[in-house]
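Each remark here refers to the structure printed beneath this line.
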Amino acid sequence: MNTCENISKCSFNGIEFKNCILNASGCLCTDKKELQSLYISKCGGFVSKSCSIEKRDGNPEHPRYFETDNGTINSMGLPNMGYMYYVNLIKDFTEKPYIISVASNYLFENLDILLYIQETSSFPQLVEINVSCPNIPGKEQLGYNFNELDKFLNRLSTYKESLPNLIIGLKLPPYFDPAHFHRLRDILNPYIDNNIIKFLTAINSIGNALIIDSVKESPVIKPKNGLGGLGGDYIKPTAISNIWQLYNIFEDRIPIIGCGGIKDGNDVFDHILCGASLVQIGSQLMKEGPECFARINKELIEIMNDKNYSNISEFRGKLKK
Ligand code: DHB
């Protein structure tokens, strides 16, 4: 039996991940202490909290995060330390891929964040632009406004020559109709062809869900009248459907990071089978802590050994039709 940890490794846009399992942005990645705990954990790479230009405290009403047996709901409202904090940590995290997540809400007016990342990084730097934050009152998710998404990408493309070190991807919201995937394909195709967008992360939480406490007759979280982003078991079928549809639409032209409802090795296997190259863990990381990475990686390797796979590329996107 091959117990080598490395059979779940992945080369992604030329960057080597020792295993394919990362945290999802937003989970245990808001300050240096949390990021350090990811850095020293068994994750293959890690992602920062989505950042804005200025530091933000997030939505003022608490609780803004709640766990059930089947998943989580949150309406944090983008609490973060401001982009410089996360970019200045690049120099401390040289031994493992560190992905900077940037909230698109603010980038639209101001692409300075990307220029600052470029100035700070002497190596290729992965950047996940989050076009799917559901929790800012009054701000729509850019990923659901296709015209604005196209305008944003068009503006981003004018900066291409100024951002040679950046490997930019998009964190997408879940889509629920094949027509929306076709529209997304038509919009993204030119930016993929021109190497502006080099990976896709799917999916962010299912936005504006409602979990209620029937005894108290009230929502379990406070901001936005109880509406928040759903994660965990609730969303795995939606997540792998989105990954599978993106994989079929774009084939091998762009790698996908799978996210949504992963709590064990079998869930990772399913995400990869539907087309993911790397995966991210959100709700389960919040529940279990960074120890989840070693456990889940071990479970994935056991499944791969049972099935005689020695590399994740042998089953990636191989879901039977
Ligand atoms: C937050 C939630 C998200 O799902 C996201 O993509 C970005 C930010 C938040 O509420 O902090």
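We count ligands from 1, going down the list as the structure has it; atoms in each ligand are counted the same way.
- The aromatic ring centroids of Tyr98 and Tyr39 lie 6.0 Å or more from each other.
- Within the 4.5 Å cutoff, the side chain of Arg155 has no heavy atoms near those of the Lys151 side chain.
- At a threshold of 4.5 Å between non-hydrogen side-chain atoms, the residues Leu153 and Leu170 count as touching.
- Residue pairs meeting the side chain to side chain donor-acceptor pair (under 3.5 Å) criterion with at least one member in residues 236-253, sequence neighbours excluded: Asn189-Arg253, Asp193-Arg253, Lys236-Asp267, Lys236-Asp270, Ser241-Gln245, Asn248-Lys321.
- Side-chain contact of Asn297 with Ser8: a donor-acceptor pair under 3.5 Å is present, judged by distance alone.
- Listed by chain and number, residues touching ligand 1 at under 4.0 Å (heavy atoms only) are Lys49, Asn74, Met76, Gly77, Leu78, Pro79, Asn130, Cys133, Pro134, Asn135, Asn204, Ser205.
- Salt bridge status for Glu34 with Lys49: absent, with no side-chain N to carboxylate O gap under 4.0 Å.
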